[in-house]
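Residue numbering restarts at 1 for every chain, and letters A, B, ... go by the order of the sequence lines.
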Number of protein chains: 2
Amino acid sequence: MIPERQSVSESVATRLSVYLRCLTLLESEEVRHVSSETLAQRFDLNSAQIRKDLAIFGEFGVRGVGYEVDTLKRHLLGLLGLDRTRRVAIVGAGHLGTALADYGGFHSGEFEIAALFDVDPGKIGTRTRTGVRVYDVSELPGVVESQGIEIGVITVPGEAAAEVAERCFGAGLKAILNFAPVRLNVPPGVRLKNVDLKINLETLSFYIAK
Amino acid sequence: MIPERQSVSESVATRLSVYLRCLTLLESEEVRHVSSETLAQRFDLNSAQIRKDLAIFGEFGVRGVGYEVDTLKRHLLGLLGLDRTRRVAIVGAGHLGTALADYGGFHSGEFEIAALFDVDPGKIGTRTRTGVRVYDVSELPGVVESQGIEIGVITVPGEAAAEVAERCFGAGLKAILNFAPVRLNVPPGVRLKNVDLKINLETLSFYIAK
DNA sequence: CCGTGTGAAGCTGTTCACAGCT
DNA sequence: AGCTGTGAACAGCTTCACACGG
(Lines give C-alpha, C1' and ligand atoms only; values in the text may rest on other atoms or scores of the structure.)
Protein backbone atom coordinates (compact mmCIF):
# COMPACT_ATOMS: atom_id res chain seq x y z
CA MET A 1 0.00 0.00 0.00
CA ILE A 2 2.49 2.60 1.15
CA PRO A 3 5.24 2.75 -1.48
CA GLU A 4 8.98 2.56 -1.10
CA ARG A 5 10.49 6.02 -0.81
CA GLN A 6 12.75 5.51 -3.78
CA SER A 7 9.76 4.82 -5.99
CA VAL A 8 7.95 8.04 -5.14
CA SER A 9 8.79 10.57 -7.81
CA GLU A 10 10.71 13.71 -7.07
CA SER A 11 7.75 15.81 -8.18
CA VAL A 12 5.46 14.22 -5.60
CA ALA A 13 8.03 14.68 -2.83
CA THR A 14 8.50 18.32 -3.79
CA ARG A 15 4.77 18.94 -3.83
CA LEU A 16 4.34 17.43 -0.37
CA SER A 17 6.69 20.14 0.82
CA VAL A 18 4.65 22.75 -1.05
CA TYR A 19 1.41 21.47 0.49
CA LEU A 20 3.01 21.66 3.92
CA ARG A 21 3.82 25.31 3.36
CA CYS A 22 0.27 26.05 2.19
CA LEU A 23 -1.19 24.38 5.25
CA THR A 24 1.16 26.25 7.56
CA LEU A 25 -0.10 29.48 6.05
CA LEU A 26 -3.74 28.42 6.40
CA GLU A 27 -3.08 27.40 9.99
CA SER A 28 -1.70 30.85 10.78
CA GLU A 29 -4.96 32.24 9.41
CA GLU A 30 -6.81 29.85 11.74
CA VAL A 31 -8.49 28.03 8.89
CA ARG A 32 -9.61 24.68 10.26
CA HIS A 33 -10.81 22.74 7.24
CA VAL A 34 -9.97 22.87 3.59
CA SER A 35 -11.03 21.01 0.45
CA SER A 36 -8.62 20.07 -2.30
CA GLU A 37 -10.51 22.45 -4.57
CA THR A 38 -10.10 25.40 -2.20
CA LEU A 39 -6.40 24.63 -1.75
CA ALA A 40 -5.99 24.40 -5.50
CA GLN A 41 -7.69 27.72 -6.19
CA ARG A 42 -5.87 29.53 -3.41
CA PHE A 43 -2.38 28.34 -4.30
CA ASP A 44 -2.71 27.74 -8.02
CA LEU A 45 -2.53 23.95 -7.92
CA ASN A 46 -4.65 21.16 -9.41
CA SER A 47 -7.17 19.65 -7.03
CA ALA A 48 -7.00 16.15 -8.52
CA GLN A 49 -3.25 16.18 -8.17
CA ILE A 50 -3.44 17.18 -4.53
CA ARG A 51 -5.86 14.33 -3.82
CA LYS A 52 -3.79 11.83 -5.77
CA ASP A 53 -0.54 12.86 -4.12
CA LEU A 54 -2.03 12.52 -0.66
CA ALA A 55 -3.83 9.29 -1.46
CA ILE A 56 -0.47 7.63 -2.16
CA PHE A 57 0.21 7.66 1.56
CA GLY A 58 -3.20 7.08 3.09
CA GLU A 59 -6.71 8.43 3.39
CA PHE A 60 -6.26 11.73 5.13
CA GLY A 61 -9.51 13.38 4.06
CA VAL A 62 -13.17 12.87 4.79
CA ARG A 63 -15.48 12.40 1.82
CA GLY A 64 -18.02 15.15 1.48
CA VAL A 65 -16.06 17.30 3.94
CA GLY A 66 -12.44 17.79 2.97
CA TYR A 67 -9.23 17.78 4.97
CA GLU A 68 -8.64 19.00 8.50
CA VAL A 69 -5.76 21.46 8.25
CA ASP A 70 -4.11 20.52 11.52
CA THR A 71 -4.31 16.76 10.96
CA LEU A 72 -3.12 16.90 7.38
CA LYS A 73 -0.21 19.12 8.34
CA ARG A 74 0.89 16.64 10.99
CA HIS A 75 0.65 13.82 8.46
CA LEU A 76 2.78 15.76 5.99
CA LEU A 77 5.36 16.56 8.66
CA GLY A 78 5.53 12.85 9.38
CA LEU A 79 5.82 11.87 5.74
CA LEU A 80 8.59 14.39 5.18
CA GLY A 81 10.40 13.12 8.24
CA LEU A 82 10.09 16.49 9.95
CA ASP A 83 8.43 15.29 13.12
CA ARG A 84 11.90 15.62 14.61
CA THR A 85 14.71 18.05 13.90
CA ARG A 86 17.07 16.95 11.13
CA ARG A 87 20.65 18.04 11.57
CA VAL A 88 22.62 19.40 8.65
CA ALA A 89 26.33 19.83 7.98
CA ILE A 90 27.62 22.39 5.51
CA VAL A 91 30.96 21.58 3.90
CA GLY A 92 32.68 24.69 2.59
CA ALA A 93 32.79 27.69 4.95
CA GLY A 94 33.11 30.25 2.18
CA HIS A 95 30.67 33.11 1.74
CA LEU A 96 27.91 30.91 0.39
CA GLY A 97 28.36 28.24 3.07
CA THR A 98 28.32 30.72 5.94
CA ALA A 99 25.40 32.63 4.40
CA LEU A 100 23.44 29.37 4.30
CA ALA A 101 24.51 28.47 7.83
CA ASP A 102 23.06 31.73 9.11
CA TYR A 103 20.08 31.73 6.74
CA GLY A 104 16.92 32.42 8.74
CA GLY A 105 14.70 30.32 6.50
CA PHE A 106 15.90 27.07 8.04
CA HIS A 107 15.41 28.03 11.65
CA SER A 108 11.87 26.86 12.12
CA GLY A 109 12.75 23.74 14.08
CA GLU A 110 12.73 21.40 11.10
CA PHE A 111 16.43 21.73 10.31
CA GLU A 112 19.40 22.64 12.42
CA ILE A 113 22.70 23.61 10.87
CA ALA A 114 24.86 21.69 13.31
CA ALA A 115 28.33 22.29 11.87
CA LEU A 116 30.41 23.85 9.12
CA PHE A 117 33.52 22.21 7.68
CA ASP A 118 36.49 23.64 5.81
CA VAL A 119 40.15 23.00 5.09
CA ASP A 120 41.33 26.57 5.73
CA PRO A 121 43.20 26.63 9.09
CA GLY A 122 42.23 30.28 9.42
CA LYS A 123 38.56 29.35 9.53
CA ILE A 124 38.72 26.18 11.59
CA GLY A 125 37.71 26.81 15.19
CA THR A 126 35.82 30.01 14.42
CA ARG A 127 32.06 30.45 14.63
CA THR A 128 29.58 32.18 12.33
CA ARG A 129 27.48 35.13 13.49
CA THR A 130 24.76 32.79 14.66
CA GLY A 131 27.24 30.55 16.41
CA VAL A 132 27.74 27.65 14.00
CA ARG A 133 31.20 26.22 14.55
CA VAL A 134 33.71 25.52 11.78
CA TYR A 135 35.52 22.17 11.97
CA ASP A 136 38.35 20.65 9.97
CA VAL A 137 36.96 18.47 7.18
CA SER A 138 38.91 15.54 8.60
CA GLU A 139 36.59 15.67 11.62
CA LEU A 140 33.54 15.09 9.45
CA PRO A 141 32.96 11.42 10.39
CA GLY A 142 33.34 12.08 14.11
CA VAL A 143 31.10 15.15 14.21
CA VAL A 144 28.46 13.56 11.99
CA GLU A 145 28.38 10.60 14.33
CA SER A 146 28.38 12.50 17.62
CA GLN A 147 25.90 15.17 16.52
CA GLY A 148 23.57 12.86 14.64
CA ILE A 149 23.91 14.76 11.37
CA GLU A 150 22.03 13.25 8.41
CA ILE A 151 22.13 15.80 5.60
CA GLY A 152 25.18 17.33 3.93
CA VAL A 153 25.31 20.59 1.98
CA ILE A 154 28.27 21.02 -0.34
CA THR A 155 29.37 24.61 -0.94
CA VAL A 156 32.98 24.08 -1.97
CA PRO A 157 34.45 25.06 -5.37
CA GLY A 158 33.80 22.62 -8.21
CA GLU A 159 37.33 21.20 -8.14
CA ALA A 160 36.95 20.05 -4.54
CA ALA A 161 33.37 18.81 -4.77
CA ALA A 162 33.97 15.22 -5.83
CA GLU A 163 36.41 14.53 -3.01
CA VAL A 164 34.20 16.29 -0.46
CA ALA A 165 31.24 14.23 -1.63
CA GLU A 166 33.21 11.02 -1.05
CA ARG A 167 33.99 12.19 2.46
CA CYS A 168 30.29 12.85 3.05
CA PHE A 169 29.35 9.35 1.92
CA GLY A 170 32.14 7.92 4.05
CA ALA A 171 30.85 9.82 7.08
CA GLY A 172 27.46 8.20 6.58
CA LEU A 173 25.44 11.14 5.26
CA LYS A 174 22.43 9.83 3.35
CA ALA A 175 21.30 13.03 1.65
CA ILE A 176 23.36 15.68 -0.13
CA LEU A 177 22.41 19.13 -1.37
CA ASN A 178 25.11 20.10 -3.83
CA PHE A 179 25.78 23.72 -4.82
CA ALA A 180 29.01 22.94 -6.67
CA PRO A 181 28.72 23.08 -10.47
CA VAL A 182 29.64 19.44 -11.02
CA ARG A 183 27.74 16.21 -11.46
CA LEU A 184 28.44 13.92 -8.52
CA ASN A 185 28.30 10.14 -8.61
CA VAL A 186 26.47 8.90 -5.55
CA PRO A 187 26.47 5.37 -4.15
CA PRO A 188 23.13 3.57 -3.83
CA GLY A 189 21.11 4.64 -0.83
CA VAL A 190 22.30 8.22 -0.95
CA ARG A 191 19.98 10.92 -2.26
CA LEU A 192 21.41 13.86 -4.17
CA LYS A 193 19.91 17.18 -5.16
CA ASN A 194 21.79 19.76 -7.19
CA VAL A 195 21.31 23.49 -7.01
CA ASP A 196 23.37 24.83 -9.86
CA LEU A 197 23.20 28.61 -9.91
CA LYS A 198 24.93 29.03 -13.23
CA ILE A 199 22.63 26.55 -14.97
CA ASN A 200 19.66 28.38 -13.47
CA LEU A 201 20.87 31.71 -14.83
CA GLU A 202 21.71 30.23 -18.22
CA THR A 203 18.25 28.70 -18.48
CA LEU A 204 16.70 32.07 -17.72
CA SER A 205 18.99 33.67 -20.26
CA PHE A 206 17.72 31.24 -22.88
CA TYR A 207 14.17 32.50 -22.54
CA ILE A 208 15.06 36.17 -22.85
CA ALA A 209 17.45 35.56 -25.75
CA LYS A 210 16.57 36.54 -29.32
CA MET B 1 11.11 25.49 -37.86
CA ILE B 2 12.79 27.17 -34.95
CA PRO B 3 10.26 27.17 -32.13
CA GLU B 4 9.08 30.01 -29.92
CA ARG B 5 11.12 30.18 -26.76
CA GLN B 6 8.11 29.86 -24.52
CA SER B 7 7.24 26.55 -26.13
CA VAL B 8 10.62 24.95 -25.48
CA SER B 9 10.35 22.97 -22.28
CA GLU B 10 12.33 23.87 -19.21
CA SER B 11 14.08 20.49 -19.33
CA VAL B 12 15.42 21.16 -22.82
CA ALA B 13 16.64 24.64 -21.85
CA THR B 14 18.35 23.23 -18.78
CA ARG B 15 20.01 20.49 -20.78
CA LEU B 16 21.36 22.99 -23.32
CA SER B 17 23.18 24.57 -20.43
CA VAL B 18 24.46 21.16 -19.34
CA TYR B 19 25.70 20.40 -22.86
CA LEU B 20 27.47 23.74 -22.92
CA ARG B 21 29.32 22.83 -19.77
CA CYS B 22 30.32 19.43 -21.16
CA LEU B 23 31.63 21.02 -24.35
CA THR B 24 33.60 23.60 -22.40
CA LEU B 25 35.26 20.78 -20.54
CA LEU B 26 36.02 18.89 -23.76
CA GLU B 27 37.39 22.07 -25.29
CA SER B 28 39.79 22.52 -22.38
CA GLU B 29 40.98 18.98 -23.11
CA GLU B 30 41.48 20.01 -26.72
CA VAL B 31 38.98 17.50 -28.00
CA ARG B 32 37.95 18.67 -31.46
CA HIS B 33 35.11 16.39 -32.46
CA VAL B 34 32.55 14.44 -30.48
CA SER B 35 29.63 12.17 -31.30
CA SER B 36 26.39 12.19 -29.35
CA GLU B 37 27.23 8.69 -28.18
CA THR B 38 30.62 9.70 -26.80
CA LEU B 39 29.11 12.71 -25.05
CA ALA B 40 26.40 10.52 -23.57
CA GLN B 41 28.82 7.93 -22.23
CA ARG B 42 31.22 10.48 -20.85
CA PHE B 43 28.62 12.59 -19.03
CA ASP B 44 25.95 10.03 -18.30
CA LEU B 45 23.36 11.34 -20.74
CA ASN B 46 21.21 9.72 -23.44
CA SER B 47 22.56 10.10 -26.96
CA ALA B 48 19.14 10.21 -28.63
CA GLN B 49 18.10 12.96 -26.29
CA ILE B 50 21.18 15.00 -27.07
CA ARG B 51 20.50 14.70 -30.79
CA LYS B 52 16.82 15.49 -30.38
CA ASP B 53 17.47 18.52 -28.18
CA LEU B 54 19.98 19.94 -30.63
CA ALA B 55 17.85 19.14 -33.67
CA ILE B 56 15.11 21.41 -32.34
CA PHE B 57 17.28 24.40 -33.22
CA GLY B 58 19.05 23.30 -36.37
CA GLU B 59 21.38 20.75 -37.89
CA PHE B 60 24.60 21.27 -36.03
CA GLY B 61 26.18 17.89 -36.68
CA VAL B 62 27.58 16.06 -39.65
CA ARG B 63 26.17 12.62 -40.42
CA GLY B 64 28.73 9.91 -40.16
CA VAL B 65 31.10 12.25 -38.30
CA GLY B 66 29.53 13.87 -35.25
CA TYR B 67 29.70 17.40 -33.88
CA GLU B 68 32.60 19.79 -33.97
CA VAL B 69 33.13 20.84 -30.35
CA ASP B 70 34.00 24.44 -31.08
CA THR B 71 31.12 25.02 -33.51
CA LEU B 72 28.52 23.35 -31.34
CA LYS B 73 29.68 25.31 -28.33
CA ARG B 74 29.27 28.57 -30.20
CA HIS B 75 25.79 27.53 -31.33
CA LEU B 76 24.83 26.73 -27.75
CA LEU B 77 26.21 30.04 -26.50
CA GLY B 78 24.08 31.74 -29.13
CA LEU B 79 20.96 29.75 -28.27
CA LEU B 80 21.39 30.51 -24.58
CA GLY B 81 21.88 34.17 -25.36
CA LEU B 82 25.38 34.12 -23.93
CA ASP B 83 27.18 35.48 -26.97
CA ARG B 84 27.20 38.72 -25.03
CA THR B 85 27.45 39.41 -21.32
CA ARG B 86 24.11 39.47 -19.51
CA ARG B 87 23.91 41.86 -16.60
CA VAL B 88 22.28 40.81 -13.35
CA ALA B 89 20.87 42.74 -10.40
CA ILE B 90 20.58 41.18 -6.96
CA VAL B 91 17.86 42.60 -4.74
CA GLY B 92 18.55 41.96 -1.08
CA ALA B 93 22.07 42.71 0.14
CA GLY B 94 21.92 40.30 3.06
CA HIS B 95 24.41 37.49 3.54
CA LEU B 96 22.99 35.37 0.76
CA GLY B 97 22.76 38.27 -1.69
CA THR B 98 26.31 39.42 -1.11
CA ALA B 99 27.61 35.85 -1.19
CA LEU B 100 25.99 35.43 -4.60
CA ALA B 101 27.30 38.81 -5.77
CA ASP B 102 30.84 37.71 -4.99
CA TYR B 103 30.34 34.10 -6.11
CA GLY B 104 33.16 33.14 -8.44
CA GLY B 105 31.05 30.72 -10.46
CA PHE B 106 29.43 33.56 -12.39
CA HIS B 107 32.58 35.36 -13.38
CA SER B 108 33.30 33.66 -16.66
CA GLY B 109 32.11 36.52 -18.83
CA GLU B 110 28.61 35.20 -19.35
CA PHE B 111 27.07 37.06 -16.44
CA GLU B 112 28.03 40.22 -14.65
CA ILE B 113 26.56 41.10 -11.29
CA ALA B 114 26.10 44.77 -12.03
CA ALA B 115 24.41 45.96 -8.86
CA LEU B 116 22.99 45.05 -5.46
CA PHE B 117 19.87 46.67 -4.00
CA ASP B 118 18.63 47.01 -0.44
CA VAL B 119 16.47 49.18 1.78
CA ASP B 120 18.92 49.35 4.70
CA PRO B 121 20.51 52.85 4.75
CA GLY B 122 23.56 51.32 6.44
CA LYS B 123 24.23 49.19 3.38
CA ILE B 124 23.35 51.63 0.63
CA GLY B 125 26.44 53.18 -0.90
CA THR B 126 28.78 50.42 0.29
CA ARG B 127 30.49 47.87 -1.95
CA THR B 128 31.03 44.14 -1.60
CA ARG B 129 34.50 42.59 -1.42
CA THR B 130 34.59 42.25 -5.18
CA GLY B 131 33.35 45.79 -5.67
CA VAL B 132 29.65 45.38 -6.41
CA ARG B 133 27.85 48.52 -5.33
CA VAL B 134 24.73 48.56 -3.16
CA TYR B 135 21.95 50.92 -4.27
CA ASP B 136 18.66 51.96 -2.71
CA VAL B 137 15.84 49.80 -4.06
CA SER B 138 14.11 52.95 -5.26
CA GLU B 139 16.94 53.39 -7.76
CA LEU B 140 16.17 50.04 -9.37
CA PRO B 141 14.46 51.39 -12.54
CA GLY B 142 17.18 53.94 -13.19
CA VAL B 143 20.11 51.58 -12.63
CA VAL B 144 18.48 48.77 -14.63
CA GLU B 145 18.01 51.19 -17.49
CA SER B 146 21.43 52.81 -17.40
CA GLN B 147 23.39 49.59 -16.86
CA GLY B 148 21.36 47.46 -19.24
CA ILE B 149 20.44 44.91 -16.59
CA GLU B 150 18.14 42.11 -17.75
CA ILE B 151 18.02 39.51 -14.97
CA GLY B 152 16.96 39.99 -11.36
CA VAL B 153 17.86 37.79 -8.41
CA ILE B 154 15.63 38.10 -5.35
CA THR B 155 17.32 37.36 -2.03
CA VAL B 156 15.07 39.28 0.35
CA PRO B 157 13.03 37.69 3.15
CA GLY B 158 9.75 36.08 2.15
CA GLU B 159 7.63 38.94 3.46
CA ALA B 160 9.31 41.45 1.16
CA ALA B 161 9.54 39.25 -1.92
CA ALA B 162 6.18 40.00 -3.54
CA GLU B 163 6.73 43.76 -3.41
CA VAL B 164 10.32 43.46 -4.59
CA ALA B 165 9.17 41.29 -7.49
CA GLU B 166 6.70 43.98 -8.55
CA ARG B 167 9.51 46.53 -8.51
CA CYS B 168 11.60 44.22 -10.70
CA PHE B 169 8.78 43.88 -13.24
CA GLY B 170 8.25 47.62 -13.14
CA ALA B 171 11.93 48.21 -13.81
CA GLY B 172 11.66 46.06 -16.92
CA LEU B 173 13.50 42.93 -15.80
CA LYS B 174 12.39 40.00 -17.95
CA ALA B 175 13.86 37.12 -15.95
CA ILE B 176 13.80 36.53 -12.20
CA LEU B 177 15.69 34.03 -10.07
CA ASN B 178 13.82 33.90 -6.77
CA PHE B 179 15.41 32.60 -3.58
CA ALA B 180 12.58 33.77 -1.33
CA PRO B 181 10.31 30.98 -0.07
CA VAL B 182 7.16 32.34 -1.70
CA ARG B 183 5.32 31.73 -4.94
CA LEU B 184 5.44 34.87 -7.05
CA ASN B 185 2.85 35.85 -9.64
CA VAL B 186 4.62 37.04 -12.75
CA PRO B 187 3.14 39.04 -15.60
CA PRO B 188 3.23 37.54 -19.10
CA GLY B 189 6.60 37.84 -20.80
CA VAL B 190 8.57 37.49 -17.58
CA ARG B 191 10.35 34.24 -16.82
CA LEU B 192 10.63 33.04 -13.24
CA LYS B 193 12.76 30.37 -11.64
CA ASN B 194 12.53 29.49 -7.98
CA VAL B 195 15.37 28.17 -5.87
CA ASP B 196 13.70 27.25 -2.64
CA LEU B 197 16.26 25.96 -0.19
CA LYS B 198 13.78 24.80 2.39
CA ILE B 199 11.77 22.82 -0.15
CA ASN B 200 15.01 21.23 -1.38
CA LEU B 201 15.96 20.17 2.13
CA GLU B 202 12.46 18.92 2.90
CA THR B 203 12.43 16.84 -0.27
CA LEU B 204 15.75 15.28 0.73
CA SER B 205 14.39 14.68 4.19
CA PHE B 206 11.47 12.78 2.68
CA TYR B 207 13.77 10.21 1.12
CA ILE B 208 15.75 9.53 4.26
CA ALA B 209 12.64 9.40 6.46
CA LYS B 210 11.38 6.06 7.83
C1' DC C 1 -25.51 16.25 -1.79
C1' DC C 2 -20.50 17.10 -1.42
C1' DG C 3 -15.77 16.12 -1.79
C1' DT C 4 -12.51 12.29 -1.55
C1' DG C 5 -10.22 8.57 -3.71
C1' DT C 6 -9.25 6.40 -8.14
C1' DG C 7 -9.62 4.10 -12.83
C1' DA C 8 -9.21 5.77 -17.31
C1' DA C 9 -7.87 9.22 -20.67
C1' DG C 10 -4.75 12.52 -22.23
C1' DC C 11 -0.48 14.64 -22.56
C1' DT C 12 4.47 15.45 -22.19
C1' DG C 13 8.87 13.94 -22.19
C1' DT C 14 12.15 10.10 -23.05
C1' DT C 15 14.01 6.25 -25.51
C1' DC C 16 14.26 3.24 -29.43
C1' DA C 17 15.36 2.10 -34.02
C1' DC C 18 16.28 3.14 -38.51
C1' DA C 19 16.17 5.94 -42.85
C1' DG C 20 19.12 9.03 -44.98
C1' DC C 21 23.14 11.83 -45.61
C1' DT C 22 28.27 12.24 -45.88
C1' DA D 1 30.59 2.32 -42.96
C1' DG D 2 29.25 5.72 -39.34
C1' DC D 3 26.48 8.99 -36.99
C1' DT D 4 22.95 12.36 -37.37
C1' DG D 5 18.16 13.54 -37.53
C1' DT D 6 13.56 11.79 -36.73
C1' DG D 7 9.09 9.03 -36.81
C1' DA D 8 7.23 5.70 -33.91
C1' DA D 9 6.96 3.26 -29.42
C1' DC D 10 7.12 3.79 -24.74
C1' DA D 11 6.94 5.54 -20.03
C1' DG D 12 5.67 8.70 -16.65
C1' DC D 13 3.06 12.37 -15.10
C1' DT D 14 -1.12 15.18 -15.10
C1' DT D 15 -5.93 15.91 -15.61
C1' DC D 16 -10.54 14.30 -16.11
C1' DA D 17 -14.67 12.31 -14.54
C1' DC D 18 -17.19 9.60 -11.64
C1' DA D 19 -18.16 5.85 -8.19
C1' DC D 20 -18.20 5.63 -3.41
C1' DG D 21 -18.63 6.88 1.36
C1' DG D 22 -19.93 10.24 4.84
Side-chain angles (χ1 to χ4, degrees), chain A residues 1-19 22-23 26 31-73 75-76 79 203 206, chain B residues 1-19 22-23 26 31-73 75-76 79 203 206:
Chain A
M1 192 70 226
I2 289 170
E4 285 299 314
R5 293 285 147 153
Q6 197 70 357
S7 75
V8 175
S9 81
E10 190 96 5
S11 351
V12 172
T14 303
R15 283 196 299 266
L16 292 182
S17 176
V18 171
Y19 301 155
C22 298
L23 290 171
L26 288 178
V31 176
R32 294 282 183 75
H33 294 90
V34 71
S35 72
S36 59
E37 189 52 45
T38 312
L39 257 182
Q41 278 170 18
R42 169 86 188 264
F43 299 102
D44 196 30
L45 308 164
N46 177 292
S47 64
Q49 187 160 68
I50 295 172
R51 294 197 299 277
K52 205 147 228 189
D53 287 342
L54 297 176
I56 296 173
F57 304 99
E59 308 208 347
F60 303 137
V62 180
R63 294 179 190 222
V65 179
Y67 300 90
E68 203 199 339
V69 173
D70 180 57
T71 312
L72 183 54
K73 189 188 166 192
H75 275 297
L76 285 174
L79 287 172
T203 306
F206 170 83
Chain B
M1 192 69 228
I2 289 171
E4 286 298 315
R5 295 283 147 155
Q6 197 70 357
S7 75
V8 175
S9 81
E10 190 97 5
S11 350
V12 172
T14 304
R15 282 195 300 265
L16 292 182
S17 175
V18 171
Y19 301 154
C22 298
L23 290 172
L26 289 179
V31 176
R32 295 281 183 76
H33 295 91
V34 72
S35 71
S36 60
E37 189 51 46
T38 313
L39 256 181
Q41 277 169 19
R42 170 87 189 262
F43 299 102
D44 196 29
L45 308 164
N46 178 292
S47 65
Q49 187 159 69
I50 295 171
R51 294 197 299 277
K52 204 148 231 192
D53 286 343
L54 297 177
I56 295 174
F57 304 99
E59 306 209 347
F60 303 136
V62 181
R63 293 176 192 224
V65 179
Y67 301 89
E68 203 199 338
V69 173
D70 181 56
T71 311
L72 184 54
K73 189 190 167 191
H75 275 298
L76 285 175
L79 287 172
T203 306
F206 171 83

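- For the pair B:Leu39 CG and D:dG2 P, the interatomic distance rounds to 19 Å; values are reported in whole Å.
- Remark: C1' of C:dC21 and CD of B:Glu59 are 9 Å apart, rounded to the nearest angstrom.
- Remark: P of C:dT15 and CG of B:Leu45 are 10 Å apart, rounded to the nearest angstrom.
- For the side-chain contact (heavy atoms from CB on, under 4.5 Å) test, residues two or more places apart in sequence or in another chain that qualify with A:Ser9 are A:Ser11, A:Val12.
- Between A:Ser36 and C:dG3 there is no side-chain polar atom (N or O) within less than 4.0 angstrom of OP1 or OP2.
- A heavy-atom distance below 4.0 Å to DNA chain C is reached by these residues of residues 65-73 of chain A, ordered by number: A:Val65, A:Gly66, A:Tyr67.
- Residues satisfying the side chain to side chain donor-acceptor pair (under 3.5 Å) test with B:Thr14, not counting sequence neighbours, are none.
- Counting only distance, with no hydrogens or angles, the side chain of A:Arg5 and the backbone of B:Phe206 share a donor-acceptor pair below 3.5 Å.
- If you measure from atom CG of B:Asp44 to atom C1' of C:dT14, you get 15 Å, rounded to the nearest angstrom.
- Interatomic distance, B:Leu23 CG to B:His75 NE2, rounded to the nearest 0.5 Å: 11.5 Å.
- B:Val65 is linked by a side-chain contact (heavy atoms from CB on, under 4.5 Å) to B:Val62, counting only residues two or more places apart in sequence or in another chain.
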For nucleotides 13-17 of chain D, tabulate all protein N/O to nucleotide N/O atom pairs closer than 3.5 Å, reporting atom names and distance.
| unit_1 | atom_1 | unit_2 | atom_2 | d |
| --- | --- | --- | --- | --- |
| D:dT14 | OP1 | A:Arg15 | NH1 | 3.0 |
| D:dT14 | OP2 | A:Arg15 | NH1 | 3.3 |
| D:dT14 | OP2 | A:Arg15 | NH2 | 3.1 |
| D:dT14 | OP2 | A:Gln49 | NE2 | 3.2 |
| D:dT14 | O5' | A:Gln49 | NE2 | 3.1 |
| D:dT15 | O4 | A:Lys52 | NZ | 3.2 |
| D:dA17 | N6 | A:Arg51 | NH2 | 3.2 |

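- Between the CD atom of B:Glu37 and the P atom of C:dT15 there is a distance of 13 Å, given to the nearest Å.
- Straight-line distance from the NE2 atom of B:His75 to the C1' atom of D:dG5: 15 Å, rounded to whole Å.
- As a whole-Å value, the separation of B:His33 NE2 from D:dT4 C1' is 14 Å.
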Candidate pair A:Leu16 and A:Phe57, rule side-chain contact (heavy atoms from CB on, under 4.5 Å), full reasoning: CA-CA 11 Å; A:Leu16 292 182; A:Phe57 304 99; 3.8 Å; yes

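- With sequence neighbours left out, A:Glu37 forms a salt bridge (charged side-chain N to carboxylate O under 4.0 Å, His left out) with no residue at all.
- Between A:Ser36 and A:Ser47, the shortest heavy-atom contact is O-CB, 3.6 Å.
- B:Phe57 has its CZ atom 18 Å from the P atom of D:dT4, to the nearest Å.
- Judged by distance alone, with hydrogens and angles left aside, A:Arg63 brings no side-chain donor or acceptor close enough to the base of C:dC2 to form a pair under 3.5 Å.
- Here the straight-line distance linking atom CG of B:Leu45 with atom OH of B:Tyr19 works out to 6.0 Å at 0.5 Å rounding.
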